[in-house]
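Every heavy atom of this structure was used, including side-chain atoms; hydrogens, water molecules and symmetry mates were not.
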Amino acid sequence: MCGRYAITDPREIFEIRMIMEEIAEVFDTKTVSRIKQGDVYPAETAAVLAQTASGYKPYPMEWGYMLGGSSRRIINARTE
């Protein structure tokens with residue numbers, strides 16, 4: 001996994017904007033304003049679609065996992 005990603009395709013940008021509109025209906029404006037567009041780096045908030053029992057739902061999520069007791073964010077992991 002790389003250390004960032006970017007959404008540059010016009011169709012994908014349109015889809016992200018639609019997801020952000022759905023997020024804005026549920027979450028406050030401060031949460032929506034934190035959602036990053038364009039280049040997204042670890043620890044930034046991105047608009048994502050999460051699968052639930054009733055289908056896909058939009059959520060703002062931070063990229064990476066926090067390890068207990070550590071301030072470092074894991075963005076890449078593997079098992080041996």
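Shortest non-hydrogen contact noted between Ala46 and Ile35 is C-CG2, 4.1 Å. The heavy-atom pair separating Ile19 from Val48 by the smallest distance is CG2-O, 4.3 Å. Here the closest non-hydrogen pair linking Pro58 and Ile23 is CB-CG1, 3.7 Å. Across all non-hydrogen atoms, the minimal contact from Met61 to Ala50 is CE-CB, 4.4 Å. The nearest pair of heavy atoms linking Trp63 to Arg73 is O-CD, 2.9 Å. Among all heavy-atom pairs drawn from Thr8 and Ile13, the shortest one is O-CD1, 3.7 Å.
Phe27 places a side-chain heavy atom less than 4.5 Å from the side chain of Tyr59. Taking the side chain as every heavy atom from C-beta outward, Glu44 and Arg34 never approach each other to under 4.5 Å.
A distance-only check finds no donor-acceptor pair linking the side chain of Lys30 to the backbone of Ser33 [under 3.5 Å].
With sequence neighbours excluded, the residues that form a salt bridge (Lys or Arg N to Asp or Glu O under 4.0 Å) with Arg11 are Asp9. Listed by chain and number, the residues in a salt bridge (Lys or Arg N to Asp or Glu O under 4.0 Å) with Glu21 amount to none (sequence neighbours excluded). Shown here are the salt bridge (Lys or Arg N to Asp or Glu O under 4.0 Å) partners of Arg17, two or more places apart in sequence or in another chain: there are none.
Val32 and Met18 fall into different hydrophobic clusters, where Ile, Leu, Val, Met, Phe, Trp and Tyr side chains are chained together by heavy-atom contacts under 4.5 Å. Residues Tyr5 and Ile74 do not share a hydrophobic cluster, clusters being chains of Ile/Leu/Val/Met/Phe/Trp/Tyr side chains in contact below 4.5 Å.
Atom CE of Met20 is separated from atom CD of Glu25 by 13.0 Å, given to the nearest 0.5 angstrom. Atom CZ of residue Arg4 and atom CD1 of residue Ile75 lie 12.0 Å apart, to the nearest 0.5 angstrom. The CD atom of Glu12 sits 6.0 Å away from the CD1 atom of Ile7 when rounded to the nearest 0.5 Å.
Annotation: Lys57, atom NZ; neighbour count of heavy atoms from other residues, nucleotides and ligands within 6.0 Å does not exceed 12. The 12-atom threshold is exceeded at CE of Met66, counting heavy atoms of other residues, nucleotides or ligands nearer than 6.0 Å.
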